Peer 1: 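I am attaching a structure below and will ask some questions about it afterwards.
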Amino acid sequence: MPELPEVEVVRLGIARAVTGATVTTIEVFEPRSLRRHPAPPEDFVARLTGAVFAAPERRGKFLWLPLGPPVLHEMQERADAVRETSGKTPSALTESPAFRSVEASHRTTGEALVVHLGMSGQVLLRGPAVQDARTRIRIDVAGAAGEYRLNFVDQRIFGSMAIDDLQATGDVPGWVPSSVSHIARDPLDAHFDDRLFLSRLASKRTGVKRALLDQTLISGIGNIYADEALWMARVHYDQPASTLSRQKARAVLAAVREVFAKALIEGGTSFDTQYVNVNGESGYFAHSLNAYGQHGKPCPRCGTPIVRESWMNRNSHFCPRCQRLRSP
DNA sequence: CCGGACTCCTGGTTGC
DNA sequence: TGCAACCAGGAGTCCG
(Lines give C-alpha, C1' and ligand atoms only; values in the text may rest on other atoms or scores of the structure.)
Protein backbone atom coordinates (compact mmCIF):
# COMPACT_ATOMS: atom_id res chain seq x y z
CA MET A 1 0.00 0.00 0.00
CA PRO A 2 2.13 2.81 1.21
CA GLU A 3 4.49 4.33 -1.30
CA LEU A 4 6.93 7.19 -0.82
CA PRO A 5 4.39 9.96 -0.07
CA GLU A 6 2.59 7.87 2.53
CA VAL A 7 5.85 6.89 4.24
CA GLU A 8 7.01 10.51 4.22
CA VAL A 9 3.73 11.57 5.82
CA VAL A 10 4.49 9.06 8.58
CA ARG A 11 8.07 10.31 8.99
CA LEU A 12 6.93 13.91 9.30
CA GLY A 13 4.12 12.89 11.59
CA ILE A 14 6.27 11.15 14.18
CA ALA A 15 9.40 13.33 13.97
CA ARG A 16 8.62 15.77 16.75
CA ALA A 17 7.41 13.12 19.17
CA VAL A 18 10.24 10.62 18.69
CA THR A 19 13.34 12.74 18.11
CA GLY A 20 15.35 12.70 21.31
CA ALA A 21 12.74 10.56 23.05
CA THR A 22 13.61 7.51 25.13
CA VAL A 23 11.93 4.16 24.64
CA THR A 24 10.28 3.20 27.90
CA THR A 25 8.35 0.05 27.03
CA ILE A 26 8.11 -2.32 24.06
CA GLU A 27 5.41 -4.91 23.53
CA VAL A 28 5.53 -7.42 20.68
CA PHE A 29 2.13 -8.97 19.98
CA GLU A 30 3.00 -10.50 16.61
CA PRO A 31 6.46 -12.11 16.23
CA ARG A 32 5.98 -12.36 12.46
CA SER A 33 6.24 -8.57 12.30
CA LEU A 34 9.88 -9.06 13.34
CA ARG A 35 10.64 -11.46 10.48
CA ARG A 36 13.41 -9.19 9.26
CA HIS A 37 14.95 -8.78 12.69
CA PRO A 38 17.97 -11.11 12.74
CA ALA A 39 17.39 -12.31 16.32
CA PRO A 40 14.46 -13.42 18.51
CA PRO A 41 11.82 -10.91 19.67
CA GLU A 42 13.36 -10.80 23.16
CA ASP A 43 16.53 -9.41 21.60
CA PHE A 44 14.52 -6.74 19.80
CA VAL A 45 12.86 -5.71 23.04
CA ALA A 46 16.08 -5.73 25.03
CA ARG A 47 18.00 -3.65 22.51
CA LEU A 48 15.28 -1.07 22.06
CA THR A 49 14.26 -0.59 25.68
CA GLY A 50 16.00 2.51 27.04
CA ALA A 51 17.30 3.55 23.63
CA VAL A 52 17.03 7.14 22.46
CA PHE A 53 15.73 7.94 18.98
CA ALA A 54 17.46 10.41 16.68
CA ALA A 55 15.44 12.15 13.96
CA PRO A 56 13.66 9.68 11.65
CA GLU A 57 15.03 9.25 8.13
CA ARG A 58 13.63 7.73 4.97
CA ARG A 59 14.80 6.29 1.68
CA GLY A 60 12.08 5.27 -0.73
CA LYS A 61 9.54 3.31 1.27
CA PHE A 62 11.95 2.48 4.10
CA LEU A 63 11.84 4.51 7.29
CA TRP A 64 14.37 4.31 10.10
CA LEU A 65 15.00 5.84 13.49
CA PRO A 66 18.70 5.93 14.42
CA LEU A 67 19.33 4.91 18.00
CA GLY A 68 21.36 7.61 19.67
CA PRO A 69 23.29 7.71 22.93
CA PRO A 70 21.98 9.78 25.86
CA VAL A 71 24.40 12.62 25.12
CA LEU A 72 22.56 13.28 21.89
CA HIS A 73 19.34 13.30 23.82
CA GLU A 74 20.75 15.91 26.20
CA MET A 75 21.83 18.11 23.33
CA GLN A 76 18.42 17.80 21.73
CA GLU A 77 16.85 18.89 25.01
CA ARG A 78 19.19 21.86 25.19
CA ALA A 79 18.21 22.70 21.63
CA ASP A 80 14.55 22.58 22.58
CA ALA A 81 15.23 24.76 25.61
CA VAL A 82 16.96 27.33 23.41
CA ARG A 83 13.99 27.31 21.08
CA GLU A 84 11.50 27.81 23.89
CA THR A 85 13.32 30.57 25.74
CA SER A 86 14.69 32.59 22.86
CA GLY A 87 12.30 31.69 20.07
CA LYS A 88 15.36 31.22 17.88
CA THR A 89 16.09 28.20 15.83
CA PRO A 90 18.49 25.97 17.71
CA SER A 91 20.32 24.95 14.55
CA ALA A 92 23.42 26.67 15.88
CA LEU A 93 23.52 23.95 18.49
CA THR A 94 22.45 20.91 16.52
CA GLU A 95 24.71 21.90 13.66
CA SER A 96 27.63 22.68 15.93
CA PRO A 97 30.83 20.71 15.37
CA ALA A 98 30.47 19.15 18.82
CA PHE A 99 26.98 17.85 18.09
CA ARG A 100 27.97 16.66 14.65
CA SER A 101 31.01 14.83 15.92
CA VAL A 102 29.05 13.09 18.63
CA GLU A 103 26.39 12.19 16.13
CA ALA A 104 28.92 11.06 13.55
CA SER A 105 31.00 8.98 15.93
CA HIS A 106 27.88 7.26 17.06
CA ARG A 107 26.35 6.76 13.65
CA THR A 108 29.35 5.05 12.15
CA THR A 109 28.97 2.27 14.67
CA GLY A 110 25.30 2.83 15.35
CA GLU A 111 22.05 1.05 14.89
CA ALA A 112 18.58 2.03 13.77
CA LEU A 113 15.03 0.82 14.13
CA VAL A 114 14.05 0.07 10.52
CA VAL A 115 10.38 0.20 9.62
CA HIS A 116 8.76 -1.02 6.44
CA LEU A 117 4.99 -0.76 6.09
CA GLY A 118 4.59 -3.46 3.45
CA MET A 119 1.11 -3.51 1.96
CA SER A 120 -0.94 -2.60 4.99
CA GLY A 121 1.30 -1.20 7.71
CA GLN A 122 0.51 1.92 9.72
CA VAL A 123 2.33 3.79 12.44
CA LEU A 124 -0.18 5.46 14.73
CA LEU A 125 1.02 8.12 17.13
CA ARG A 126 -1.14 8.02 20.24
CA GLY A 127 -1.25 9.26 23.77
CA PRO A 128 -0.07 6.91 26.53
CA ALA A 129 -2.23 3.80 27.02
CA VAL A 130 -4.26 4.23 23.80
CA GLN A 131 -5.04 0.90 22.09
CA ASP A 132 -5.55 0.21 18.41
CA ALA A 133 -6.97 -2.92 16.79
CA ARG A 134 -4.41 -5.14 15.04
CA THR A 135 -1.45 -3.56 16.76
CA ARG A 136 1.49 -5.89 16.12
CA ILE A 137 4.16 -3.95 18.01
CA ARG A 138 3.75 -1.18 20.53
CA ILE A 139 6.49 1.28 21.48
CA ASP A 140 6.05 3.73 24.35
CA VAL A 141 8.35 6.74 24.38
CA ALA A 142 9.01 9.72 26.63
CA GLY A 143 10.77 12.86 25.47
CA ALA A 144 10.81 16.62 25.52
CA ALA A 145 7.59 16.67 23.49
CA GLY A 146 5.83 14.48 26.03
CA GLU A 147 4.82 10.84 26.36
CA TYR A 148 3.57 8.99 23.34
CA ARG A 149 2.65 5.55 22.19
CA LEU A 150 3.59 4.30 18.72
CA ASN A 151 1.26 1.54 17.57
CA PHE A 152 2.56 -0.43 14.60
CA VAL A 153 -0.65 -1.71 13.03
CA ASP A 154 -0.46 -4.12 10.09
CA GLN A 155 -3.32 -6.21 8.78
CA ARG A 156 -1.41 -8.44 6.40
CA ILE A 157 1.90 -8.65 8.28
CA PHE A 158 3.95 -7.98 5.17
CA GLY A 159 5.44 -4.99 6.94
CA SER A 160 8.13 -5.27 9.57
CA MET A 161 10.32 -3.70 12.18
CA ALA A 162 13.94 -4.63 12.77
CA ILE A 163 17.05 -3.29 14.44
CA ASP A 164 19.86 -3.03 11.96
CA ASP A 165 23.40 -1.64 11.75
CA LEU A 166 23.93 1.69 10.07
CA GLN A 167 26.61 1.76 7.42
CA ALA A 168 28.23 4.61 5.54
CA THR A 169 26.64 5.39 2.20
CA GLY A 170 28.92 4.94 -0.80
CA ASP A 171 28.19 8.09 -2.76
CA VAL A 172 27.91 11.02 -0.36
CA PRO A 173 28.56 11.17 3.42
CA GLY A 174 25.70 9.70 5.36
CA TRP A 175 24.36 6.50 6.87
CA VAL A 176 21.85 3.94 5.86
CA PRO A 177 20.75 0.67 7.47
CA SER A 178 22.54 -2.33 5.96
CA SER A 179 19.21 -3.82 4.94
CA VAL A 180 18.43 -0.66 2.94
CA SER A 181 21.82 -0.24 1.28
CA HIS A 182 20.71 -1.98 -1.92
CA ILE A 183 17.80 0.44 -2.30
CA ALA A 184 18.45 3.31 -4.72
CA ARG A 185 18.00 6.89 -3.63
CA ASP A 186 14.51 8.21 -4.27
CA PRO A 187 13.74 11.12 -6.60
CA LEU A 188 12.99 13.49 -3.70
CA ASP A 189 16.46 12.83 -2.24
CA ALA A 190 18.76 15.85 -2.68
CA HIS A 191 21.51 13.43 -3.72
CA PHE A 192 19.46 11.55 -6.31
CA ASP A 193 21.57 11.43 -9.47
CA ASP A 194 19.32 12.18 -12.45
CA ARG A 195 22.00 11.40 -15.01
CA LEU A 196 22.91 8.09 -13.43
CA PHE A 197 19.24 7.09 -13.28
CA LEU A 198 18.59 8.10 -16.89
CA SER A 199 21.60 6.20 -18.15
CA ARG A 200 20.70 3.09 -16.19
CA LEU A 201 17.10 3.35 -17.38
CA ALA A 202 18.25 3.66 -20.99
CA SER A 203 20.18 0.41 -20.66
CA LYS A 204 17.10 -1.57 -19.62
CA ARG A 205 15.09 -3.42 -22.20
CA THR A 206 12.33 -4.22 -19.71
CA GLY A 207 9.04 -2.34 -19.69
CA VAL A 208 9.29 1.15 -18.22
CA LYS A 209 6.80 0.41 -15.44
CA ARG A 210 8.75 -2.59 -14.26
CA ALA A 211 11.84 -0.39 -14.25
CA LEU A 212 10.07 2.27 -12.17
CA LEU A 213 9.05 -0.38 -9.65
CA ASP A 214 12.64 -1.67 -9.40
CA GLN A 215 13.69 -0.21 -6.05
CA THR A 216 17.36 -0.75 -6.86
CA LEU A 217 17.05 1.62 -9.82
CA ILE A 218 14.83 4.31 -8.30
CA SER A 219 12.99 3.93 -5.01
CA GLY A 220 9.67 4.98 -3.56
CA ILE A 221 7.47 4.22 -6.55
CA GLY A 222 4.70 1.62 -6.25
CA ASN A 223 1.76 0.59 -8.37
CA ILE A 224 -0.33 3.73 -7.84
CA TYR A 225 2.30 6.34 -8.53
CA ALA A 226 3.83 4.36 -11.41
CA ASP A 227 0.47 4.41 -13.20
CA GLU A 228 -0.08 8.07 -12.35
CA ALA A 229 3.37 9.20 -13.50
CA LEU A 230 3.14 7.23 -16.74
CA TRP A 231 -0.28 8.71 -17.41
CA MET A 232 1.09 12.18 -16.84
CA ALA A 233 4.09 11.55 -19.14
CA ARG A 234 1.85 9.83 -21.73
CA VAL A 235 3.93 6.66 -21.77
CA HIS A 236 2.61 3.09 -22.05
CA TYR A 237 3.55 0.94 -19.07
CA ASP A 238 5.08 -1.78 -21.22
CA GLN A 239 7.15 0.50 -23.42
CA PRO A 240 10.70 -0.88 -23.27
CA ALA A 241 12.72 1.55 -21.17
CA SER A 242 15.59 1.59 -23.66
CA THR A 243 13.28 2.84 -26.43
CA LEU A 244 12.33 6.04 -24.60
CA SER A 245 13.94 9.17 -25.98
CA ARG A 246 16.11 11.04 -23.51
CA GLN A 247 13.47 13.75 -23.45
CA LYS A 248 10.68 11.26 -22.76
CA ALA A 249 12.69 9.58 -20.02
CA ARG A 250 13.25 12.96 -18.39
CA ALA A 251 9.51 13.62 -18.67
CA VAL A 252 8.78 10.36 -16.83
CA LEU A 253 11.15 11.31 -14.01
CA ALA A 254 9.65 14.79 -13.81
CA ALA A 255 6.18 13.25 -13.69
CA VAL A 256 7.18 11.00 -10.81
CA ARG A 257 8.43 14.02 -8.88
CA GLU A 258 5.31 16.02 -9.67
CA VAL A 259 2.95 13.24 -8.64
CA PHE A 260 4.92 12.64 -5.42
CA ALA A 261 4.89 16.34 -4.56
CA LYS A 262 1.17 16.68 -5.12
CA ALA A 263 0.40 13.52 -3.16
CA LEU A 264 2.52 14.77 -0.28
CA ILE A 265 0.64 18.04 -0.14
CA GLU A 266 -2.62 16.12 -0.03
CA GLY A 267 -1.41 13.81 2.72
CA GLY A 268 -1.02 10.64 0.62
CA THR A 269 -3.52 8.27 -0.95
CA SER A 270 -6.26 6.65 1.12
CA PHE A 271 -8.79 4.26 -0.38
CA ASP A 272 -10.06 3.11 2.98
CA THR A 273 -8.76 2.83 6.50
CA GLN A 274 -5.81 0.80 5.19
CA TYR A 275 -3.80 3.96 4.84
CA VAL A 276 -4.05 6.78 7.32
CA ASN A 277 -1.56 9.27 8.71
CA VAL A 278 -0.12 8.93 12.21
CA ASN A 279 -3.24 10.51 13.67
CA GLY A 280 -5.53 8.06 11.91
CA GLU A 281 -6.68 10.58 9.29
CA SER A 282 -7.06 9.81 5.58
CA GLY A 283 -5.06 11.47 2.82
CA TYR A 284 -6.86 13.14 -0.06
CA PHE A 285 -4.80 12.16 -3.08
CA ALA A 286 -7.30 9.42 -4.02
CA HIS A 287 -9.50 12.27 -5.28
CA SER A 288 -6.71 13.37 -7.62
CA LEU A 289 -6.03 10.04 -9.33
CA ASN A 290 -6.17 10.23 -13.11
CA ALA A 291 -5.46 6.61 -14.02
CA TYR A 292 -5.04 4.27 -11.06
CA GLY A 293 -8.36 2.60 -10.27
CA GLN A 294 -10.11 4.74 -12.87
CA HIS A 295 -10.85 1.97 -15.41
CA GLY A 296 -14.05 2.68 -17.30
CA LYS A 297 -13.94 6.35 -16.40
CA PRO A 298 -13.01 8.93 -19.03
CA CYS A 299 -9.38 9.96 -19.28
CA PRO A 300 -9.27 13.48 -17.81
CA ARG A 301 -7.21 14.56 -20.81
CA CYS A 302 -9.00 13.08 -23.82
CA GLY A 303 -12.17 11.39 -22.59
CA THR A 304 -11.24 7.89 -23.75
CA PRO A 305 -12.15 5.32 -21.09
CA ILE A 306 -9.20 4.31 -18.92
CA VAL A 307 -8.25 0.65 -19.38
CA ARG A 308 -7.12 -1.80 -16.73
CA GLU A 309 -4.86 -4.67 -17.75
CA SER A 310 -3.66 -7.58 -15.67
CA TRP A 311 0.10 -7.34 -15.36
CA MET A 312 2.67 -8.96 -13.06
CA ASN A 313 -0.01 -10.43 -10.79
CA ARG A 314 -1.46 -6.94 -10.37
CA ASN A 315 -3.04 -4.30 -12.57
CA SER A 316 -1.95 -1.48 -14.81
CA HIS A 317 -4.26 1.42 -15.57
CA PHE A 318 -3.71 3.65 -18.56
CA CYS A 319 -5.35 5.66 -21.30
CA PRO A 320 -5.24 3.64 -24.53
CA ARG A 321 -5.24 6.82 -26.59
CA CYS A 322 -2.74 9.01 -24.68
CA GLN A 323 -0.41 6.15 -23.78
CA ARG A 324 0.27 4.07 -26.86
CA LEU A 325 2.98 1.49 -27.30
CA ARG A 326 5.45 2.89 -29.78
CA SER A 327 7.73 0.80 -31.92
CA PRO A 328 11.36 1.79 -31.55
C1' DC B 1 19.56 -9.80 -18.42
C1' DC B 2 14.60 -10.62 -18.67
C1' DG B 3 9.89 -11.88 -17.53
C1' DG B 4 6.78 -14.51 -15.17
C1' DA B 5 5.22 -17.07 -11.18
C1' DC B 6 5.19 -17.65 -6.55
C1' DT B 7 5.80 -16.69 -1.44
C1' DC B 8 4.88 -14.25 2.80
C1' DC B 9 -0.66 -12.84 5.13
C1' DT B 10 -5.49 -10.88 6.73
C1' DG B 11 -9.85 -9.15 6.11
C1' DG B 12 -13.05 -6.17 3.41
C1' DT B 13 -15.80 -6.57 -0.75
C1' DT B 14 -18.19 -8.93 -4.32
C1' DG B 15 -21.13 -12.22 -6.31
C1' DC B 16 -23.96 -16.24 -6.27
C1' DT C 1 -28.36 -13.53 4.96
C1' DG C 2 -24.60 -16.86 4.24
C1' DC C 3 -20.57 -18.11 2.44
C1' DA C 4 -16.75 -18.62 -0.70
C1' DA C 5 -14.04 -16.55 -4.05
C1' DC C 6 -11.63 -12.60 -5.10
C1' DC C 7 -8.78 -8.78 -4.35
C1' DA C 8 -5.32 -5.34 -2.31
C1' DG C 9 -0.68 0.24 -1.88
C1' DG C 10 5.35 -4.57 -1.41
C1' DA C 11 9.42 -7.14 -2.01
C1' DG C 12 12.22 -10.98 -2.44
C1' DT C 13 13.35 -15.32 -4.71
C1' DC C 14 13.51 -18.77 -8.05
C1' DC C 15 13.15 -20.75 -12.55
C1' DG C 16 13.34 -21.09 -17.54
Side-chain angles (χ1 to χ4, degrees), chain A residues 1-10 29-38 58-63 114-123 132-137 152-162 177-184 186 200-230 237-243 256 259-260 263-264 266-277 282-289 291-295 308-317:
Chain A
M1 140 185 91
E3 304 179 33
L4 184 149
E6 291 75 34
V7 179
E8 179 64 3
V9 165
V10 169
F29 302 103
E30 178 48 82
R32 289 175 296 177
S33 292
L34 292 176
R35 197 171 323 170
R36 306 174 83 135
H37 183 71
R58 182 189 54 71
R59 176 180 285 197
K61 306 169 195 174
F62 286 82
L63 175 71
V114 183
V115 183
H116 196 284
L117 301 178
M119 291 278 269
S120 56
Q122 305 173 357
V123 174
D132 283 296
R134 287 189 275 283
T135 296
R136 310 304 188 188
I137 297 170
F152 179 65
V153 171
D154 187 11
Q155 179 197 115
R156 295 175 71 182
I157 324 181
F158 288 166
S160 65
M161 284 188 164
S178 303
S179 55
V180 184
S181 61
H182 65 296
I183 301 293
D186 62 66
R200 290 187 66 198
L201 182 69
S203 73
K204 298 219 172 262
R205 266 174 289 190
T206 191
V208 61
K209 180 170 173 181
R210 192 171 171 129
L212 290 180
L213 295 179
D214 178 354
Q215 306 294 305
T216 68
L217 180 65
I218 181 173
S219 69
I221 306 170
N223 209 29
I224 296 177
Y225 297 107
D227 282 359
E228 290 303 305
L230 290 169
Y237 68 89
D238 215 15
Q239 186 75 38
S242 58
T243 66
V256 169
V259 169
F260 276 174
L264 255 175
E266 299 189 21
T269 304
S270 302
F271 296 126
D272 47 38
T273 54
Q274 283 289 335
Y275 172 73
V276 291
N277 70 12
S282 292
Y284 289 96
F285 193 72
H287 304 293
S288 304
L289 294 172
Y292 186 86
Q294 307 303 302
H295 43 291
R308 178 177 70 180
E309 281 183 7
S310 179
W311 174 83
M312 292 255 303
N313 289 329
R314 47 220 310 207
N315 289 305
S316 276
H317 312 73

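Within every chain, numbering begins at 1; the chains are lettered A, B, ... in the order of the sequence lines, protein sequences first and strands thereafter. These numbers were taken from a predicted model, which means no experiment stands behind them.
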Peer 1: Atom CZ of residue position A:Phe29 - does it have more than 12 heavy atoms of other residues, nucleotides or ligands inside 6.0 Å?
Peer 2: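 More than 12 heavy atoms, drawn from other residues, nucleotides or ligands, come within 6.0 Å of this atom.
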Peer 1: Please state how far atom NZ in A:Lys61 lies from atom C1' in C:dG10, giving the value in whole angstrom units.
Peer 2: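 Distance, rounded to whole Å: 6 Å.
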Peer 1: Could you check whether A:Tyr292 and A:Phe285 have their ring centres less than 6.0 Å apart?
Peer 2: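 Ring centroids of A:Phe285 and A:Tyr292 are no less than 6.0 Å from each other.
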Peer 1: Under a criterion of less than 4.0 angstrom to any heavy atom of chain A, what are the 5'-terminal and 3'-terminal contacting nucleotides of DNA chain B?
Peer 2: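 Boundary nucleotides touching chain A, in 5' to 3' order, are B:dC2 to B:dG12.
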Peer 1: Where each residue is assigned the nucleotide of DNA chain C containing its nearest heavy atom, which of A:Arg308 and A:Leu213 is assigned the position nearer the 5′ end?
Peer 2: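 Closer to the 5' end of DNA chain C: A:Arg308.
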Peer 1: Please find the pair of heavy atoms, one from A:Val256 and one from A:Ala229, that lie closest to each other, and give the distance.
Peer 2: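 In this case the closest contact between A:Val256 and A:Ala229 is CG2-CB, 3.6 Å.
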Peer 1: Go through the steps to decide whether A:Ile157 and A:Glu30 satisfy the test side-chain contact (heavy atoms from CB on, under 4.5 Å), and finish with yes or no.
Peer 2: CA-CA 9 Å; A:Ile157 324 181; A:Glu30 178 48 82; 3.9 Å; yes
Peer 1: Any chance you could measure A:Arg210, atom CZ, to A:Leu212, atom CG, to the nearest 0.5 Å?
Peer 2: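 A:Arg210 CZ to A:Leu212 CG: 12.5 Å, rounded to 0.5 Å.
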Peer 1: When all nucleic acid strands are considered with a 4.0 Å heavy-atom cut-off, which category describes A:Arg210: base, sugar-phosphate, or nothing?
Peer 2: base
Peer 1: With under 30° as parallel and over 60° as perpendicular, where do the rings of A:His317 and A:His295 fit, or are they tilted in between?
Peer 2: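 Because their plane-to-plane angle lies in the 30° to 60° range, the rings of A:His317 and A:His295 count as tilted.
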Peer 1: By the 4.0 Å heavy-atom rule, please label A:Asn313 as base, sugar-phosphate, or nothing.
Peer 2: base
Peer 1: State whether the aromatic ring of A:Phe158 stacks on the base of C:dA11, taking stacking to mean ring centres under 5.5 Å apart and ring planes under 30° to each other.
Peer 2: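 A:Phe158 vs C:dA11: stacking no.
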Peer 1: Without decimals, in angstroms, what is the distance between A:Met119 CE and C:dA11 P?
Peer 2: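 After rounding, the gap between these two atoms is 10 Å.
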Peer 1: For A:Asn315 and C:dA8, is the shortest distance between a side-chain N/O and OP1 or OP2 below 4.0 Å?
Peer 2: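 For C:dA8, OP1 or OP2 has a side-chain N or O of A:Asn315 closer than 4.0 Å.
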Peer 1: Locate the shortest heavy-atom distance separating A:Ile221 from A:Ala226; write the atom from each residue and the value.
Peer 2: CG2-N, 3.6 Å
Peer 1: Measuring only the P atom in each nucleotide, how far is C:dA11 from B:dG12? A whole number of Å is fine.
Peer 2: 24 Å
Peer 1: Locate the shortest heavy-atom distance separating A:Asp154 from A:Gly121; write the atom from each residue and the value.
Peer 2: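 So the minimum-distance heavy-atom pair works out to OD1-N, 3.4 Å.
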Peer 1: Atom CD1 of A:Ile157 to atom P of C:dG10: distance rounded to whole Å?
Peer 2: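 Those two atoms, CD1 and P, are 18 Å apart.
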Peer 1: Need to verify one output field. Residue with the more 5' nearest nucleotide on DNA chain B, A:Arg35 or A:Arg134?
Peer 2: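 Closer to the 5' end of DNA chain B: A:Arg35.
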Peer 1: On a whole-Å scale, what distance lies between the P atoms belonging to C:dC6 and B:dC6?
Peer 2: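 Taking atom P in both C:dC6 and B:dC6, they lie 15 Å apart.
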Peer 1: Looking only at atom C1', what distance separates C:dT13 and B:dT10, rounded to whole Å?
Peer 2: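 After rounding to an integer number of Å, I get 22 Å for this pair.
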Peer 1: Rounded to whole Å, please give me the gap between NE2 in A:His182 and C1' in C:dG10.
Peer 2: 12 Å
Peer 1: Take atom CG of A:Leu63 and atom P of C:dA11, then tell me their distance rounded to the nearest Å.
Peer 2: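 Distance check: A:Leu63 CG to C:dA11 P gives 13 Å.
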Peer 1: Would you say A:His116 places a side-chain N or O within less than 4.0 Å of OP1 or OP2 belonging to C:dG10?
Peer 2: no
Peer 1: Restricting to non-hydrogen atoms, name the atom on A:Ala133 and the atom on A:Val153 that form the minimum distance, rounded to 0.1 Å.
Peer 2: O-CG1, 3.6 Å
Peer 1: Take the protein atom CG of A:Asp154 and the nucleotide atom C1' of C:dG10, then report the distance between them rounded to whole Å.
Peer 2: 11 Å
Peer 1: Could you report the tightest heavy-atom contact between A:Asn315 and A:Asp227, atom names first, then the distance?
Peer 2: O-OD2, 3.9 Å
Peer 1: OP1 or OP2 of C:dC7 less than 4.0 angstrom from a side-chain nitrogen or oxygen of A:Arg156, does that happen here?
Peer 2: no
Peer 1: Do you know which two heavy atoms are closest between A:Lys204 and A:Ala241, and how far apart they sit?
Peer 2: O-CB, 3.4 Å
Peer 1: Can you tell me which nucleotide in C:dG9, C:dG12, C:dG10 comes closest to the side chain of A:Ile224?
Peer 2: C:dG9
Peer 1: Just to be sure I understand the rule, does A:Tyr225 reach a base, reach only the sugar-phosphate, or reach nothing, if contact means heavy atoms closer than 4.0 Å?
Peer 2: nothing
Peer 1: When we call it a touch if two heavy atoms are under 4.0 Å apart, what does A:Asp227 touch: a base, just sugar-phosphate, or nothing?
Peer 2: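 Touches nothing.
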Peer 1: Using atom CD1 of A:Ile221 as one end and atom P of C:dA11 as the other, report the distance to the nearest whole Å.
Peer 2: 11 Å
Peer 1: Nearest-Å distance, CD1 (A:Ile218) to C1' (C:dG10)?
Peer 2: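 To the nearest whole Å, that distance equals 17 Å.
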Peer 1: Using a 3.5 Å limit on both pairing distances, list the dot-bracket string of DNA chain B from the 5' end; Watson-Crick and G-U wobble pairs count, crossing pairs take [ ], interstrand pairs take |.
Peer 2: .|||||||.|||||||
